[in-house]
Amino acid sequence: MKFCIAIKIILLTITFSFCCQFYSNACVNNETGVLKSDTSWKYLGRPSPRMTPLRFPPDSLLATSNWMWHGSPMFSPDLKEMYWGKIINYSIYQRISLAFTKYVNNQWTSMQTAPFIDTSYMNNNPFFSRTGDTLFFISGAPGGFIFRVKRTPTGWTQPSAVPIPPAPQTIGNGLQFSIAKDGTLYFEAGDSVMYHDLYKSELINGTYQVPVNLGPVINTNYSSEICPYIDPDERFIMFASTRPGGYGYHVIYIRKRNSYGTWRTPINLGATRNSSFDDAYP
């Protein structure tokens with residue numbers, strides 16, 4: 001009996017020690033030894049919004065009379081790089097560039113233009129791979145719709161088009177997309193001059209398949225569905241829609257999968273997250 005009690009005490013001691021070490025590693029930046037905090041360096045030092053939206057960028061990155069944000073910012077998996085779409089000429093909507101900032105020497109760098117883009121074309125909607133070694137983005141450059149660059153020891157490669165078949169019965173692709181963990185691509189495409197629908201293209205054996213419309217539960221005949229964000233495990237999708245029941249122009253909805261793997265009816269995120277203005281780019 002005493003032997004069993006002694007073994008239990010030893011096991012509890014080891015478990016407690018492991019938990020303390022795990023907590024220490026989780027809370028301390030391994031490079032600097034500084035405690036990790038949402039208010040120190042992660043997400044540009046912005047506080048966590050919890051359930052109430054907060055204005056994101058610090059004052060140094062607020063739009064000016066010379067440029068404005070477009071779409072959502074995208075962080076690298078290690079949270080030390082942020083890319084975003086930047087409108088650089090108000091009179092020419094297609095002049096959207098890609099800007100970025102990096103966390104270097106315990107501080108965020110000033111805003112810079114991504115070195116791999118051609119600013120004579122529209123470039124927008126950066127999206128990191130889960131490994132952080134590939135950056136996808138929309139481009140108006142010839143030869144494709146979504147382009148990608150890969151990180152090398154000497155910097156980013158030149159952009160190359162992602163070979164995606166055209167979506168059937170559409171007149172062109174939109175500006176926003178999202179990629180699931182298995183490579184499945186979700187994006188918006190115009191099914192008429194007025195409206196957009198959401199589509200997905202599965203990646204099978206390294207080849208993207210013909211895009212499939214997400215169907216009438218999420219796409220409607222009288223509104224535009226845009227800006228898809230897919231959960232990496234495809235447990236839910238968020239998107240913006242102009243369907244009735246909103247508070248302004250576009251309103252953000254979420255659609256979850258049930259235990260059978262089918263999609264539930266989209267749910268409006270509510271007046272706390274949406275507003276009487278245009279809410280999009282989740």
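All values derive from a computational prediction rather than experimental measurement.
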For the residue pair [X] and [Y], establish whether any side-chain heavy-atom pair is separated by less than 4.5 Å.
{"X": "Tyr195", "Y": "Asn219", "answer": "no"}
{"X": "Asn268", "Y": "Asn274", "answer": "yes"}
{"X": "Thr157", "Y": "Thr152", "answer": "yes"}
{"X": "Phe239", "Y": "Ile254", "answer": "no"}
{"X": "Leu203", "Y": "Thr207", "answer": "no"}
{"X": "Thr265", "Y": "Arg255", "answer": "no"}
{"X": "Lys256", "Y": "Asn258", "answer": "no"}
{"X": "Thr272", "Y": "Pro53", "answer": "yes"}

Problem set entry | Axial cation check for Tyr253 ring with Arg243, 6.0 Å and 45° limits |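 The answer is yes; both the distance and angle limits are met.
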
Exercise. Hey, does the Lys NZ or Arg CZ of Lys80 hover above the aromatic six-ring of Trp41, less than 6.0 Å from the centre and inside 45° of the axis?
Worked result: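 Yes, Lys80 lies over the aromatic ring of Trp41.
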
Exercise. Can you say whether the rings of Trp84 and Trp69 are parallel (under 30°), tilted (30 to 60°) or perpendicular (over 60°)?
Worked result: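 Because their plane-to-plane angle is under 30°, the rings of Trp84 and Trp69 count as parallel.
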
Over all atoms of both residues, closest heavy-atom pair of [X] and [Y]:
{"X": "Tyr83", "Y": "Ala114", "value": "CE2-CB, 4.0 Å"}
{"X": "Thr131", "Y": "Asp133", "value": "OG1-OD1, 2.6 Å"}
{"X": "Pro211", "Y": "Ile164", "value": "CG-CG2, 4.5 Å"}
{"X": "Arg148", "Y": "Pro163", "value": "NH2-CD, 4.1 Å"}
{"X": "Pro58", "Y": "Leu44", "value": "CD-CD2, 3.9 Å"}
{"X": "Ala280", "Y": "Ile252", "value": "O-CD1, 3.9 Å"}

Quick check: does any side chain N or O of [X] sit under 3.5 Å from a backbone N or O of [Y], one acting as donor and the other as acceptor?
{"X": "Arg273", "Y": "Met51", "result": "yes"}
{"X": "Asn123", "Y": "Tyr121", "result": "yes"}
{"X": "Tyr208", "Y": "Gly183", "result": "yes"}
{"X": "Thr109", "Y": "Lys102", "result": "yes"}
{"X": "Ser201", "Y": "Gln209", "result": "yes"}
{"X": "Thr52", "Y": "Pro49", "result": "no"}

Measuring from [X]:[atom1] to [Y]:[atom2], what's the distance to the nearest 0.5 Å?
{"X": "Leu214", "Y": "Glu188", "atom1": "CG", "atom2": "CD", "value": "12.0 Å"}
{"X": "Asp118", "Y": "Gln158", "atom1": "CG", "atom2": "CD", "value": "10.0 Å"}
{"X": "Ser110", "Y": "Leu61", "atom1": "OG", "atom2": "CG", "value": "9.5 Å"}
{"X": "Asn213", "Y": "Asp197", "atom1": "CG", "atom2": "CG", "value": "4.5 Å"}
{"X": "Gln112", "Y": "Leu98", "atom1": "CD", "atom2": "CG", "value": "13.5 Å"}
{"X": "Tyr247", "Y": "Leu269", "atom1": "OH", "atom2": "CG", "value": "9.0 Å"}

Going by distance alone, is a donor N or O of one side chain under 3.5 Å from an acceptor N or O of the other, for [X] and [Y]?
{"X": "Ser223", "Y": "Glu225", "value": "yes"}
{"X": "Asp78", "Y": "Ser76", "value": "yes"}
{"X": "His250", "Y": "Asp279", "value": "no"}
{"X": "Lys150", "Y": "Thr134", "value": "yes"}

For this session: Might you work through the ring pair (Phe, Tyr, Trp, His ring centres under 6.0 Å) test for Tyr229 and Tyr186, ending with a clear yes or no?
Result: CA-CA 8 Å; Tyr229 170 76; Tyr186 288 75; 10.0 Å; no

Is it the case that one hydrophobic cluster holds both [X] and [Y], taking links as side-chain heavy atoms less than 4.5 Å apart, direct or via other members?
{"X": "Leu198", "Y": "Val251", "result": "yes"}
{"X": "Phe116", "Y": "Phe127", "result": "yes"}
{"X": "Leu135", "Y": "Ile230", "result": "no"}
{"X": "Phe56", "Y": "Met111", "result": "yes"}
{"X": "Leu185", "Y": "Met238", "result": "no"}

For this session: Using a strict cut-off of less than 4.0 Å between a Lys/Arg side-chain nitrogen and an Asp/Glu carboxylate oxygen, indicate whether Asp233 and Lys181 qualify as a salt bridge.
Result: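 Between Lys181 and Asp233 there is a salt bridge, with a charged N closer than 4.0 Å to a carboxylate O.
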
Exercise. Taking 4.0 angstrom as the limit, do Arg151 and Glu81 come out as a salt bridge?
Worked result: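 Answer for the salt bridge query: yes.
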
Problem set entry | Candidate pair Ile88 and Met68, rule side-chain contact (heavy atoms from CB on, under 4.5 Å), full reasoning | CA-CA 7 Å; Ile88 53 180; Met68 66 178 288; over 6 Å; no

Problem set entry | Aromatic ring proximity, centroids under 6.0 angstrom, His70 and Tyr281 |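 Yes: the rings meet the under 6.0 Å criterion.
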
For this session: Establish, yes or no, whether a centroid distance under 6.0 Å links the rings of Phe128 and Phe75.
Result: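 When the ring centroids of Phe128 and Phe75 are compared, they turn out to be at least 6.0 Å apart.
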
For this session: Check step by step if side-chain contact (heavy atoms from CB on, under 4.5 Å) holds for Leu79 and Tyr43.
Result: CA-CA 7 Å; Leu79 305 182; Tyr43 301 113; 3.7 Å; yes

For this session: Check the pair Phe187, Phe177 against ring pair (Phe, Tyr, Trp, His ring centres under 6.0 Å), reporting the backbone distance first and the verdict last.
Result: CA-CA 4 Å; Phe187 65 96; Phe177 69 95; 8.8 Å; no

